[in-house]
Amino acid sequence: MTEKRTLQEIFSEINYEESKVPRHDMLSALIMNNGQKVANAWEWMNQRRPEIMDFYRQEVFGELPSLPGTMSHEVLSCKSDALCDQAIRKEIRITFTQGSRSRSWIMLLYIPKNAVGPVPVTLGLNFKGNHTTTLEDDVLMTGKNCAGEWVDPQRGVQCERWEFAKVIGRGFASATVCYHDIFPDFACDEAWQQSIYSVAYPDLTPAQLHEKHSAISAWAWGLSRMLDVLSSEAKIDCRKAMVTGHSRLGKTSLWAGANDSRFQVVVSNDSGHGGAALFRRCLGENIEALVTAFPHWFVSAFAKYAQADANLQFDQNFLLALIAPRPLCIGSATQDLWADPRGEFLAGKYASEVYRLFGVNGMPGDEPPAADVNIYGEVSYHIRSGAHNILWQDWEHYLSVAGKVFEQTI
Ligand code: GCU
């Protein structure tokens, strides 16, 4: 990138027309850095996959934080008749301490009350605080901005995105933490200073941290720490864990799934560019828009790809392939052109070449299904009618995929 342009200039050139998508062939994730093609699952897991992981660590999302000094957790509340007596609700404070620095998050957890054995669990981060995910009015408020204020003090404003009662009804436990509490989602030095990185690396400046890390890596790491804590819950079977995320948090769930194979099912909902969408199609958001509006989501090195989308030597089917052979669900929405639904579908289809190394098919079909038709495979896909969001219709698809997978898991 030569000169920094304003978001207005960048937005004015965004392409939304399929006819203007540049001709491009699929970039195969199977071609190794030395030009040879991966021949089997062993070579993928031991040679090519590590190359792609290194690439994403150096050029895109950076390294996950290392564990600061100590991690502990404490149950702050336990309510045995939550959600009209259907659930046990817990709030668990997770604290990281190193020297004089510490940082805590509160995880909100619902567990089906009448389950016979340990249940599967779905984990995800929320945008606006735990109290915004539910109408239960005694849930602790979480989610602060860099000035220490609530990002959104209004209770229940995002409850349509969580639907805990219905998730519980399907036999799943559900856990969430507000992402701001792990890394406040703002493009400023204070955000780095108040993030988990400041506990893990107290001597590094925001600029130094940004060379190696990103907010998305901090959030992805947070999801793994949630799972660590959930392992001490007797009523939850953490071998059956599904990680979900919407939009920027869908980019995050993919990166979390790539880094932590305990996430047995990985869900990307409307994750768009930097998530499931192919950059090289140049439809909807592009890298320049991403690194200008949200530089902290990526390592600083990623900025050099701005305006180079069409000519990249990698694409997001590489990121999706890192999940293989574990089940992956990709969800899009018909009105969400910014996230390029077709590009999200195609990335899943292209990533399927890696699933085939494991003797499974990945995503069935060559063209996206009609709106509101779910397609099932090791890579599942659906495109919901409507706007950029995560709604019960999306959850239903993800839970039914996970339900089938976990039934077969011993
Ligand atoms: C912006 C951003 C997207 C992101 C979305 C979200 O629209 O450009 O990349 O996915 O926010 O997280 O809601």
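Indexing begins at 1, ligand by ligand and atom by atom, following the structure's order. In this chain, numbering begins with 1 at the start of the sequence shown.
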Side chains of Ser66 and Tyr201: do they bring a donor and an acceptor to under 3.5 Å?
-> yes

Electrostatic pair Arg155-Asp137, nearest N-O below 4.0 angstrom = no

Distance-only donor-acceptor check, side chains Tyr350 and Asp315, under 3.5 Å | no

Could you name the protein residues that come within less than 4.0 Å of ligand 1, counting only heavy atoms, and order them by chain and residue number?
-> Ser247, Arg248, Lys251, Glu285, Leu290, Phe294, Trp297, Trp338, His388

Please check if any side-chain donor atom of Asn389 sits under 3.5 Å from a side-chain acceptor atom of His246, or the reverse.
-> no

Report yes or no: is the cationic atom of Arg89 (NZ for Lys, CZ for Arg) under 6.0 Å from the centre of the six-membered ring of Phe164, at an angle within 45° of the ring normal?
-> no

Taking only residues at least two apart or on different chains, which pairs with a member in residues 19-28 satisfy side-chain hydrogen bond (donor to acceptor under 3.5 Å, both in side chains)?
-> Ser28-Glu353

